[in-house]
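See below for the structure under consideration.
Along the sequence shown, residues are numbered consecutively beginning with 1.
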Amino acid sequence: MSDTVSLKFPDGSVRQYAAGTTGREVAEAISKSLAKKAVAIALDGTLRDLSDPVVDGLIEIVTRTDPRALELIRHDAAHVMAEAVQELWPGTQVTIGPVIENGFYYDFAKNEPFTPEDLPKIEKRMKEIIQRNKPFTKEVWPRSKAREVFAAKGEAYKVELVDAIPEDQDLKIYYQGDWFDLCRGPHMASTGQVGMAFKLMKVAGAYWRGDSNNAMLSRIYGTAFAEQEDLDRYLHILAEAEKRDHRKLGREMDLFHFQEEGPGVVFWHGKGWRMFQTLTSYMRRRLEGTYQEVNAPQVLDKSLWETSGHWGWYQENMFAVKSAHAFTHPDDEEADQKIFALKPMNCPGHVQIFKHGLKSYRELPVRLAEFGNVHRYEASGALHGLMRVRGFTQDDAHVFCTEEQMAAECLRINDLILSVYEDFGFSEIVVKLSTRPEKRVGSDDLWDRAESVMLDVLKTIEAQSGGRIKTGIMPGEGAFYGPKFEYTLRDAIGREWQCGTTQVDFNLPERFGAFYIDDKSEKKQPVMIHRAICGSMERFLGILIENFAGHMPLWFAPLQVVVATITSDADDYGREVAEQLRDAGLQVETDFRNEKINYKVREHSVTKVPVIIVCGKREAEEKTVNIRRLGSQEQVSMSLAEAVAVLAGEATPPDVKRKLAARAAR
């Protein structure tokens with residue numbers, strides 16, 4: 001064993017240290033101020049305790065403001081919370097407390113579950129523990145000692161966790177003062193480094209190890225950040241997200257509902273279905289002239305899904321059915337054995353359509369699009385309004401092309417995707433290339449060629465956007481059948497949504513024997529590109545509702561104008577106004593109720609009607625209208641003819657406006 005350790009630093013310098021030197025000692029040797037700021041080290045990219053001995057490799061000193069420290073802050077906050085709980089409620093057992101996206105949680109075994117009223121008390125005690133600034137120290141215990149100590153403390157769940165740790169792994173115990181816990185680490189130097197930018201969010205029930213046959217535990221969720229400004233920003237986003245919740249707005253706007261008899265499927269109301277159809281019509285127009293819209297069956301024999309591979313690797317997410325005849329005639333063995341499946345995706349059906357009839361290379365690319373209803377089983381706990389359903393519509397398309405055409409098709413798809421997002425106001429887009437996973441089909445040579453093409457396309461996307469579109473690479477995240485682009489958009493409050501995809505597929509054309517005749521009159525397998533823009537139309541609508549907080553652009557609003565009269569003397573004129581607006585193509589309703597106008601305006605504002613036109617006796621005489629916009633107290637008076645022209649212009653979809661402008665320019 002060498003007496004020295006060779007460490008490489010981020011600036012490229014290399015230094016020698018005595019074996020056994022800790023990360024803290026390395027930081028102190030660089031500067032005392034750095035050592036005070038340090039919370040951990042990274043050895044070849046892996047976070048380690050400051051107290052750990054260093055080994056040969058690249059070392060980085062991680063400070064509290066380093067993005068990698070956020071996970072440590074949250075991890076340590078979970079331990080501080082557990083100590084606070086046991087101080088406040090002696091006898092409570094701690095179980096597991098991992099870091100999760102945007103925070104952490106800890107599960108506790110307690111006779112009475114926690115309530116939201118307990119959270120402020122726990123937060124107060126956590127602050128006291130943080131102010132004590134006790135160091136985190138690590139010990140490695142024999143398995144027998146760990147079992148004995150935790151059993152003596154009445155920590156039965158910890159004993160079970162000890163028994164579950166593989167024999168070849170150390171049992172690490174982390175102390176923070178006198179309190180300790182079983183943990184794989186790493187941790188920061190002391191509890192004081194957690195800081196005060198934390199908040200406990202909610203309580204919930206959770207089964208031990210996620211098994212409903214086990215005991216119900218009490219879970220506390222929390223979050224923590226390096227700085228208070230970051231916490232405040234996060235809490236603001238959460239508050240905004242709650243106000244924008246599409247399920248809440250869906251009720252207020254009377255768009256849709258869900259009920260127990262149809263778990264995970266949408267009951268669309270008139271206005272909601274109108275908005276759905278507006279989205280579908282818009283997407284159809286965007287595909288005109290370049291795609292053939294097709295429709296593949298929803299129910300297909302199991303054998304097709306076996307050929308595609310879905311029955312093998314996706315079966316648990318599929319709905320399988322038998323004919324009613326199989327249940328009413330159990331003695332009919334042939335009927336009983338016949339199994340069908342509701343399609344979870346459209347691709348196998350599109351391959352069948354492509355295969356029907358001989359295709360020449362001159363016909364390629366063949367672009368098939370479908371607004372296909374698909375069904376996928378989701379656990380009931382995962383269902384979430386329009387965002388996660390069991391039955392939904394995909395704006396799905398598949399391009400069958402030659403390998404030489406692949407780059408041009410990917411760029412064409414990219415232009416379409418970005419243009420659609422821009423029409424809905426999304427300008428901050430990230431495009432990432434996911435490369436080959438460990439388990440995959442196709443030769444390495446095939447993957448090399450496909451990834452090379454898509455990498456060039458990615459560079460072109462960034463260059464053509466002038467840097468406006470951010471790009472990145474996700475190694476190993478590709479589909480098993482080919483590399484893919486993922487499109488992520490940022491909404492009005494900064495949340496990111498992954499929507500569009502472009503996926504190259506080597507698998508399905510081969511499995512189904514799809515081919516075209518090339519210029520040498522030989523059979524050749526096409527490249528199949530899967531393309532989605534909205535992804536799930538339902539989910540995309542949910543994203544739009546939340547992005548706009550229900551204040552939909554006039555062209556997309558399910559109800560665009562309400563004409564409300566001040567007195568009954570203006571009702572006839574109100575009907576004339578509504579008729580002219582309808583003739584101009586707007587969705588209009590009238591409100592001639594015997595109610596005060598302020599009551600009417602307030603009521604329609606709650607349902608997020610973009611424009612309210614107010615008509616009184618004076619407006620009827622002058623042939624004018626008063627226009628009130630959603631979210632504004634201002635009233636604008638204009639002639640009826642002008643109002644119809646202005647609103648009709650605003651209600652024209654952006655893609656139609658472009659066509660009209662191009663036609664006018666010719």
Side-chain angles (χ1 to χ4, degrees), residues 10-12 45 60 65-68 70 101-102 225-227 229-230 233-234 236-237 240 282-283 286 290 395 397 399 404-436 447-479 482-504 529-535 539-540 543-544 546-548 553 653-655 657-658 661-662:
D11 64 359
E60 298 168 271
T65 55
D66 189 305
R68 291 171 293 184
L70 184 57
E101 185 180 9
N102 296 323
F225 290 86
E227 303 294 342
E229 293 83 355
D230 297 328
R233 190 180 304 111
Y234 175 70
H236 172 71
I237 289 174
E240 277 294 310
Y282 165 83
M283 290 303 303
R286 298 308 311 271
T290 53
D395 68 324
V399 179
E404 293 74 23
Q405 293 170 329
M406 189 171 73
E409 288 304 305
C410 287
L411 282 170
R412 179 191 288 269
I413 290 168
N414 171 77
D415 292 344
L416 176 59
I417 290 175
L418 296 182
S419 174
V420 168
Y421 292 164
E422 187 176 345
D423 280 350
F424 286 99
F426 297 112
S427 58
E428 294 186 59
I429 312 295
V430 178
V431 185
K432 292 185 178 180
L433 170 60
S434 298
T435 59
R436 71 191 75 186
W447 278 88
D448 289 341
R449 297 201 306 271
E451 288 179 351
S452 176
V453 168
M454 296 188 79
L455 188 59
D456 287 343
V457 170
L458 192 68
K459 292 175 182 176
T460 303
I461 290 171
E462 186 171 20
Q464 288 180 345
S465 74
R468 182 177 61 86
I469 305 299
K470 305 302 180 186
T471 60
I473 296 178
M474 296 190 291
E477 295 297 316
K484 63 179 178 177
F485 291 134
E486 291 189 357
Y487 290 77
T488 300
L489 51 85
R490 187 186 296 270
D491 71 8
I493 59 174
R495 296 174 301 180
E496 293 186 340
W497 303 92
Q498 194 277 307
C499 293
T501 58
T502 302
Q503 305 179 25
V504 175
I529 302 175
H530 303 246
R531 189 270 308 153
I533 300 175
C534 301
R539 179 172 175 266
F540 195 71
I543 293 170
L544 291 176
E546 295 196 1
N547 178 67
F548 292 112
D655 62 303
K657 282 185 179 179
R658 285 194 296 272

Could you go step by step and tell me if R233 and D230 meet the salt bridge (charged side-chain N to carboxylate O under 4.0 Å, His left out) rule?
CA-CA 5 Å; R233 190 180 304 111; D230 297 328; 3.0 Å; yes
Show your working on side-chain contact (heavy atoms from CB on, under 4.5 Å) between F485 and V504 and close with a plain yes or no.
CA-CA 9 Å; F485 291 134; V504 175; over 6 Å; no
K432/E477 under salt bridge (charged side-chain N to carboxylate O under 4.0 Å, His left out): CA gap, chis, key distance, verdict
CA-CA 10 Å; K432 292 185 178 180; E477 295 297 316; over 6 Å; no
Pair I493-N547, side-chain contact (heavy atoms from CB on, under 4.5 Å): steps then yes or no:
CA-CA 7 Å; I493 59 174; N547 178 67; over 6 Å; no
Given E462 and I469, is the side-chain contact (heavy atoms from CB on, under 4.5 Å) satisfied, shown in steps?
CA-CA 6 Å; E462 186 171 20; I469 305 299; 6.0 Å; no
Quick one, D423 with R658, criterion salt bridge (charged side-chain N to carboxylate O under 4.0 Å, His left out). Give me CA distance, side-chain angles, the key distance, then yes/no.
CA-CA 11 Å; D423 280 350; R658 285 194 296 272; 2.7 Å; yes
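Between the side chain of S452 and the backbone N or O of D448, no donor-acceptor pair lies under 3.5 Å. Listed for the Y421 side chain is a donor-acceptor partner under 3.5 Å among the backbone atoms of I533. Side-chain N or O atoms of E451 include one that pairs as donor or acceptor with a backbone N or O of R436 at under 3.5 Å. In this structure, the side chain of D395 engages the main chain of C534 through a donor-acceptor pair within 3.5 Å.
The ring-ring contact (aromatic ring centres under 6.0 Å, His included) test with F424 is passed by exactly one of F540, F548, W497: F540.
Looking at I413 and I529, their side chains come closer than 4.5 Å, going by heavy atoms from C-beta outward. When side chains are defined from C-beta on, I429 does not count as touching R490, because their heavy atoms never get closer than 4.5 Å. With contacts defined as side-chain heavy-atom distances shorter than 4.5 Å, the pair T488/C499 does not qualify. No side-chain heavy atom of H530 sits under 4.5 Å from any side-chain heavy atom of T501. Between P483 and T435 the shortest side-chain heavy-atom distance does not fall below 4.5 Å. Counting heavy atoms from C-beta outward, Q498 and L489 have side chains that stay 4.5 Å or more apart.
In this view, Y487 satisfies the ring pair (Phe, Tyr, Trp, His ring centres under 6.0 Å) rule with no residue, not counting sequence neighbours.
A donor atom on one side chain and an acceptor atom on the other are found under 3.5 Å apart for S419 and R286.
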